[in-house]
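Structure first, then comments.
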Amino acid sequence: MLKRGVSKTATVFLVLMVFFLASHVNLSLLSRSNVSVASSISKTRPGVVSKTREDRPARSPPHSLPEIKRAITCDCSHKDYDLWFINGPTLFDPITSTFFTAGPSNSTPPDLAVKFHPYPRKTDERAKSKVNELTLTSAPPKSSCGITHSSPAIVFSTGGYTGNFYHQFNDVLLALYITVNSLSLNRDVILTVTNWSDWWVQKYADLLHHFTKHPILNMDNQTRTHCFPSAIIGLMTHGPLVVDPTQTQQKTLLAFHALLEKTYIPRGKHVSTFDKSKNARPQLVLVNRKNGVGREILNLKEALRAIEEVGFKAIVFEPKRNGAVGDTYRLLHGSHAMLAVHGAAMTHLLFLRVGMVLGEIVPIGTDWLASTFYEKPARVLGLEYMKYRIGVNESSLAEKYGADDLVLSNPPAFVNGNWTKAKVYMKTQNVKLDMVRFRRYLKEVFVKAKRFMDKEG
């Protein structure tokens, strides 16, 4: 009887010890690891400070883990971007570039710390190297609120590739449009910008104020802490000049196009920049690359003469970084055709009226890029897209490599997925147009541009 009693007592004691040790180990892991909380938000995302590779969170005291999950969450399921949320009171410390959760917290769970670049190219290390890194944490802030805002912050960068006109739109302006409409923010947000550039904000001030009714906050020159009721860190993107209406409350690229018109054309007033006389000619704007980094038209004077001779009024437009967007918009919007060599300047297609002719001169090795980045959105916007693929004899690469070289005969095989090799086509190739071929192309462009002019003015 005595042995049996001892056995029962020992069994109970051992069970209690196992339970105690298991609980102690779990709490210890939880207090040391950020991943156990972070992995409950997303299993794969960059920037989370971690000390373990476990995919499942450790057990924690009742209610503590859900509180952390509600405080900081992430939509990290997309290939191009992550979107982080602080779902309650938020304190921004400009000295450490850190966003703190400032609401009630439980001291038992670990502090979640996330390092994040707020730019929608999450796998592009080169782009991220030009974007300030921010920290998001559930650790208690060490400072109190210096300035208190009554509206949430939406935090993004104007660094990355935004010196390039295409990326100014796709990576920021269009991404901001998508994010604001996807989350139904209705202008009651504070645009909170890092990598601030005066020229960029001034250039797009009229458009940016369609996204917010509040002053835009420059994160980089702040000396006091800022508090917000919540914060969204990052921007969403759907692809090259793409807006997916199933994700944006049925907004489309056409709706963004209409927003640009609302911003840069006076209400109810069509702005035209061409001669409206009886003998008026359709107006074609040639967007000229003159930057010494490739894809220039070497026989530009001949090309302009041909454009005029087929019946157009030709205007040469050379984009400048600090150029007034409104002036450029009205020039292009009031014309009947736009023509450019493949490159960022093709993004001006967003400024064209529905039904206008958009011509793209496509150098060797850039056909896929032209179709993906510009032809597809042009057709979504109802433009008459007309492609001019140059021949081998029209490429400056023929002189360097020879017409039969793999560089010219089979660009996909030459590049073979290596972007460094693709730079041969983007950075070192210029164009000398075959005037016989080019004139035939221009005549087709003219017919459609004249038809558009007769119909729309």
Side-chain angles (χ1 to χ4, degrees), residues 121 124-127 129-130 161 163-167 170 240 284-307 309-310 314 316-321 338-349 358-376 378 385-442 444-445:
R121 289 181 174 268
D124 189 330
E125 296 301 324
R126 182 167 171 263
S129 71
K130 302 177 182 181
Y161 297 141
N164 175 287
F165 189 67
Y166 167 81
H167 294 286
N170 198 67
L284 182 147
V285 177
L286 175 65
V287 184
N288 185 42
R289 292 177 62 88
K290 195 177 180 181
N291 51 18
V293 293
R295 287 166 286 152
E296 291 187 31
I297 299 175
L298 299 177
N299 52 344
L300 179 62
K301 289 183 179 179
E302 289 181 74
L304 289 172
R305 190 181 308 118
I307 291 169
E309 287 175 356
V310 299
V316 177
F317 168 61
E318 294 178 352
K320 295 180 174 59
R321 191 183 77 166
M338 184 186 107
L339 178 64
V341 178
H342 171 77
M346 284 291 296
T347 311
H348 287 97
L349 66 88
L358 174 66
E360 181 170 17
I361 299 171
V362 181
I364 301 293
T366 65
D367 197 67
W368 179 85
L369 294 170
S371 296
T372 302
F373 286 79
Y374 303 116
E375 180 178 359
K376 288 181 180 179
Y385 177 86
M386 300 183 69
K387 183 180 295 185
Y388 180 87
R389 292 185 180 90
I390 73 167
V392 170
N393 65 312
E394 295 173 280
S395 172
S396 64
L397 297 178
E399 297 178 11
K400 182 175 182 179
Y401 294 95
D404 297 328
D405 192 275
L406 190 66
V407 170
L408 291 161
S409 64
N410 194 342
F414 170 75
V415 174
N416 195 28
N418 186 338
W419 172 246
T420 301
K421 289 186 174 182
K423 289 181 179 179
V424 168
Y425 305 106
M426 301 295 286
K427 301 294 186 181
T428 68
Q429 178 176 205
N430 290 312
V431 175
K432 187 174 182 179
L433 295 165
D434 178 330
M435 283 299 117
V436 175
R437 285 190 67 223
F438 189 58
R439 281 176 184 275
R440 286 200 298 266
Y441 168 78
L442 287 174
E444 295 176 11
V445 173

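For this chain, numbers begin at 1 and follow the sequence in order.
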Exercise. Does CG belonging to Asp404 count more than 12 external heavy atoms closer than 6.0 Å?
Worked result: no
Exercise. Which residue pairs pass the side chain to side chain donor-acceptor pair (under 3.5 Å) test when at least one of the two sits in residues 421-435, sequence neighbours left out?
Worked result: Ser395-Gln429
[X] side chain to [Y] backbone, donor-acceptor under 3.5 Å:
{"X": "Tyr161", "Y": "Arg126", "value": "no"}
{"X": "Asn288", "Y": "Glu318", "value": "no"}
{"X": "Asp124", "Y": "Ala127", "value": "yes"}

Going by the rule salt bridge (Lys or Arg N to Asp or Glu O under 4.0 Å), which residues pair with [X] if we only count those two or more places apart in sequence or in a different chain?
{"X": "Glu444", "answer": "none"}
{"X": "Arg289", "answer": "none"}
{"X": "Asp367", "answer": "Lys387, Arg389"}
{"X": "Arg437", "answer": "Glu394"}

For this session: Go through Leu300 and Leu286 one step at a time and tell me if the side chain to side chain contact (heavy atoms under 4.5 Å, CB included) criterion holds.
Result: CA-CA 10 Å; Leu300 179 62; Leu286 175 65; 3.3 Å; yes
Exercise. What pairs with Glu125 under side-chain hydrogen bond (donor to acceptor under 3.5 Å, both in side chains), at least two apart in sequence or on another chain?
Worked result: Lys128
Problem set entry | Partners meeting side-chain hydrogen bond (donor to acceptor under 3.5 Å, both in side chains) with Arg321 (sequence neighbours left out) | none
From [atom1] ([X]) to [atom2] ([Y]), nearest 0.5 Å:
{"X": "Leu304", "Y": "Glu309", "atom1": "CG", "atom2": "CD", "answer": "11.0 Å"}
{"X": "Thr366", "Y": "Ile361", "atom1": "OG1", "atom2": "CD1", "answer": "11.0 Å"}
{"X": "Glu375", "Y": "Met346", "atom1": "CD", "atom2": "CE", "answer": "9.5 Å"}
{"X": "Glu296", "Y": "Ser396", "atom1": "CD", "atom2": "OG", "answer": "10.0 Å"}

With side chains defined as the heavy atoms from C-beta onward, is the minimum distance between [X] and [Y] less than 4.5 Å?
{"X": "Val431", "Y": "Leu298", "result": "no"}
{"X": "Leu339", "Y": "Val285", "result": "no"}
{"X": "Met386", "Y": "Glu360", "result": "no"}

Exercise. Pro412: what forms a side chain to side chain contact (heavy atoms under 4.5 Å, CB included) with it, not counting sequence neighbours?
Worked result: Asn410
For this session: Taking side chain to side chain contact (heavy atoms under 4.5 Å, CB included) as the test, write out the residues that go with Leu369, two or more places apart.
Result: His342, Phe373, Met426
Problem set entry | Partner residues of His348 under the ring-ring contact (aromatic ring centres under 6.0 Å, His included) criterion, sequence neighbours left out | Phe165, Phe317, Phe351
Seminar exercise, completed: Sequence neighbours excluded, the answer for ring-ring contact (aromatic ring centres under 6.0 Å, His included) partners of Phe438 is Tyr388
For this session: Show the numbers, then the answer: is there a side chain to side chain contact (heavy atoms under 4.5 Å, CB included) between Val341 and Ile297?
Result: CA-CA 8 Å; Val341 178; Ile297 299 175; 3.7 Å; yes
For this session: Measure across Tyr166 and Ala344 and return the closest heavy-atom pair with its distance rounded to 0.1 Å.
Result: N-CB, 3.8 Å
Exercise. Going by the ring pair (Phe, Tyr, Trp, His ring centres under 6.0 Å) test, which pairs reach into residues 390-415, not counting sequence neighbours?
Worked result: none
